[in-house]
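Because the structure is a prediction, the values reported are computed rather than measured. Atoms within a ligand are numbered from 1 in the order they appear, just like the ligands themselves.
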Amino acid sequence: MDIRKIISEMTLEEKAALCQGKNTWETVGVPRLGVPSVWVSDGPIGVRKETGGQDENGENTTAEAVCFPAMVGLAASFDPELARFAGNTLGEASRGLDVDVLLGPAMNIKRSPLCGRNFEYASEDPYLAGQIGAAYIKGVQEKGVGTSLKHFAANNQETRRFTIDERISERALREIYLAAFENSVREGKPWTVMCSYNKINGVYSSENKWLLTDVLRGDWGYEGAVMTDWGATADHVKGIDAGMSLEMPRSCDEDDASVVRAVREGRLSEAALDREVERLLRLTEKCIEGKKTEYEYDAGQQHHMARRIARETMVLLKNEGGLLPIHGNKKVAIIGEFAERPRYQGGGSSHIRATEVLSALEALRSVSAFTYAKGFDANADTMSDAQYEEALETARAADIAVLFLGLPDAYESEGYDRTHMRIPACQEKLLNGILDVQENVCVVLHNGAPVEMPWVDRVPAILEAYLGGQAAGGAVVDLLFGAVSPCAKLAETFPVRLEDNPSYPYYPGYRDRVDYAEGIWVGYRWYDIKKMDVLFPFGHGLSYTTFAYSDLKLSSDRFSRGDKTEVSVRVTNTGRFAAKETVQFYVRPDHAGRPRPIRELKGIGKIFLQPGESGMVTAVLDDRSFACWDEESHDWLIEGGRYIIEAAASSRDIRLSAAIEAEGDPECL
Ligand code: BGC
């Protein structure tokens with residue numbers, strides 16, 4: 001495509017038209033000049049392609065597609081390679097359904113456990129989120145399909161998401177809320193970025209020049225197009241001027257006309273319009289090229305991949321007395337409707353019409369004999385006396401009771417936030433009743449975000465299965481019965497109670513404003529500096545084996561700007577089960593300076609080890625492992641002094657540490 005030539009031949013009206021969608025999912029293209037339209041579809045954990053019809057409930061029909069584990073779980077794998085593999089698979093599914101751009105990944109930071117969309121987001125930690133985001137983007141795009149990194153930025157709550165003004169300090173933005181986007185952009189190079197609905201410090205993202213031009217393009221070198229979230233345009237002309245390329249979906253003819261008028265009246269330069277037109281034409285060119293990439297798409301195969309991926313996304317939170325894995329000769333009682341009808345995905349624009357769903361009950365048939373009681377209704381907080389009694393009887397008569405609990409669909413979704421962190425009262429009542437008659441209880445949780453567990457001390461085993469995609473039931477059975485060991489770790493802290501969360505006093509704001517008064521103290525950064533007890537810490541996750549850490553080494557004990565310092569540690573599988581271990585490397589400043597978190601995650605590595613086997617896990621530390629944002633110079637600065645590098649099994653299970661002396665930037669002296 002000769003893009004310069006095409007632009008020179010386009011009329012002003014055609015340019016304006018290109019900057020607005022043709023309909024809900026397509027760009028207009030320029031048919032006269034041979035420029036085709038581009039088809040975009042949600043994302044992020046399956047392809048939701050609308051087929052043009054409506055079902056009996058008046059909902060738009062969508063093509064069937066394989067539903068993969070939600071991003072909360074993908075991040076819990078702590079495994080960028082897995083995210084890339086998932087991306088490859090999603091790219092192939094997009095190609096199979098003729099989709100040019102998949103609308104994901106969503107990289108907003110989990111500020112509060114209440115956010116209704118947390119299941120779609122990766123982590124409370126920007127480093128981890130950024131690693132997973134970049135890998136996912138590469139994975140999809142390797143198959144010739146674009147991604148849309150969303151929702152840029154600070155869409156951290158659903159309450160009043162269209163109008164809320166998020167007041168955030170520059171430091172918190174750079175260190176926490178923008179950093180995952182930054183790495184996803186720099187490393188992943190997404191073909192598109194989608195702006196958020198909200199305002200940041202008084203300016204809508206869709207017309208925020210600082211965000212879309214100064215930071216995204218200027219600081220991070222992004223070259224692609226930016227589209228609005230669906231209906232996020234405030235003022236289309238202002239948007240184009242600020243660096244917004246595409247208004248989605250189509251809203252009205254007047255928006256095209258307003259752009260033409262603004263150029264004619266000199267309120268918008270034609271150069272600014274041409275710049276966005278060029279970005280959209282380059283996107284179109286990539287989509288045309290992408291279609292030439294080879295791919296294989298077989299939905300049946302993808303279902304098996306979904307199961308394989310799901311096993312790596314579920315976190316074993318507790319396993320007292322080695323209750324798990326369950327041995328074949330045990331009498332097993334399965335309780336809770338989620339075992340029959342797993343809650344495997346969240347609600348809203350990411351909702352997939354799955355090709356098939358594998359429940360735990362179905363998967364269990366080929367593995368073990370069992371009894372089953374429904375116990376309660378998965379969709380509501382209701383349980384009859386008969387259901388309660390039947391469940392208790394079933395549990396009493398078995399050697400072990402596995403309870404499938406979780407949040408009903410109505411509790412968390414795009415569009416609204418939770419108001420509390422409890423599971424339905426009927427489920428708590430049932431669990432407590434069962435614990436009175438059966439001590440061998442394992443709880444399997446289906447939920448998209450942390451829940452409070454006032455019952456935690458009474459339950460010996462807990463598997464956090466999250467929203468594991470359409471093969472979730474198979475993966476749960478694989479883990480419970482030891483076909484493979486759990487290996488995921490929490491990408492978010494589970495606080496003891498909602499009120500412990502640092503955003504609690506401010507969330508979700510008043511009228512159209514929310515203050516991020518907790519600043520950079522998000523997630524474990526807060527719980528650690530406050531030395532607070534948590535229910536389960538960031539990075540926590542058990543295995544069926546044990547691992548020993550030794551030989552922590554740094555390639556140098558001095559760090560200067562521009563260096564790449566290798567940190568490595570030996571991990572040995574000291575138990576009897578082949579399994580993967582996730583190693584976390586934290587950096588801890590050990591000198592007087594500006595207020596900083598006790599420790600911050602700056603490296604991850606995962607390794608599969610047979611019993612008795614050992615291997616090295618390595619990560620690379622660079623400037624950003626040591627730097628913090630300086631609000632005076634508006635730049636990243638490295639404070640000189642001693643830093644401790646920690647190799648850890650979780651943020652509260654530090655196994656080894658070594659010191660490094662960093663040379664500071666002159667501004668910090
Ligand atoms: C959501 C986006 C989604 C878009 C298109 C919006 O409401 O916030 O995540 O991609 O709709 O469905």
Show me which atoms of ligand 1 lie under 4.0 Å from any heavy atom of [X].
X	answer
H151	2 (C), 8 (O), 9 (O)
M194	10 (O)
D229	1 (C), 2 (C), 3 (C), 4 (C), 6 (C), 7 (O), 8 (O), 11 (O)
S349	1 (C), 2 (C), 3 (C), 9 (O), 12 (O)
K150	2 (C), 3 (C), 9 (O), 10 (O)

Measure from atom 3 (C) of ligand 1 to every heavy atom in L102, D42, L103 and give the option owning the shortest one.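 Among L102, D42, L103, the closest heavy atom to atom 3 (C) of ligand 1 belongs to D42.
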Closer than 3.5 angstrom, by distance alone: can the side chain of [X] be matched with the main-chain N or O of [Y] as a donor-acceptor pair?
X	Y	answer
N88	L90	no
Q141	T147	yes
Q345	I352	yes
R353	T62	yes

Part of W25 within contact of ligand 1 (heavy atoms, under 4.0 Å):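 Just the side chain.
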So which bit of R161 gets within less than 4.0 Å of ligand 1, heavy atoms only: side chain, backbone, both or neither?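 Side chain only; the backbone of R161 stays clear of ligand 1.
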Thinking salt bridges, do E289 and K286 make one under a 4.0 Å N-O criterion?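 Salt bridge absent between E289 and K286.
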In terms of side-chain geometry, is the basic nitrogen of R48 or E50 positioned less than 4.0 Å from the acidic oxygen of its partner?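 Salt bridge: yes.
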May I ask you to check if K49 and W39 form a cation-pi contact, with NZ or CZ under 6.0 angstrom from the six-membered ring centre and within 45° of the axis?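 Yes; both conditions hold, so K49 lies above the ring face of W39.
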Can R117 be said to touch ligand 1, with heavy atoms closer than 4.0 Å?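 R117: in contact with ligand 1 (<4.0 Å).
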For ligand 1, which is the ligand I care about here, please tell me if E414 has any N or O atom under 3.5 Å from one of the ligand's N or O atoms.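 Yes; the residue has a nitrogen or oxygen that sits under 3.5 Å from a nitrogen or oxygen of the ligand.
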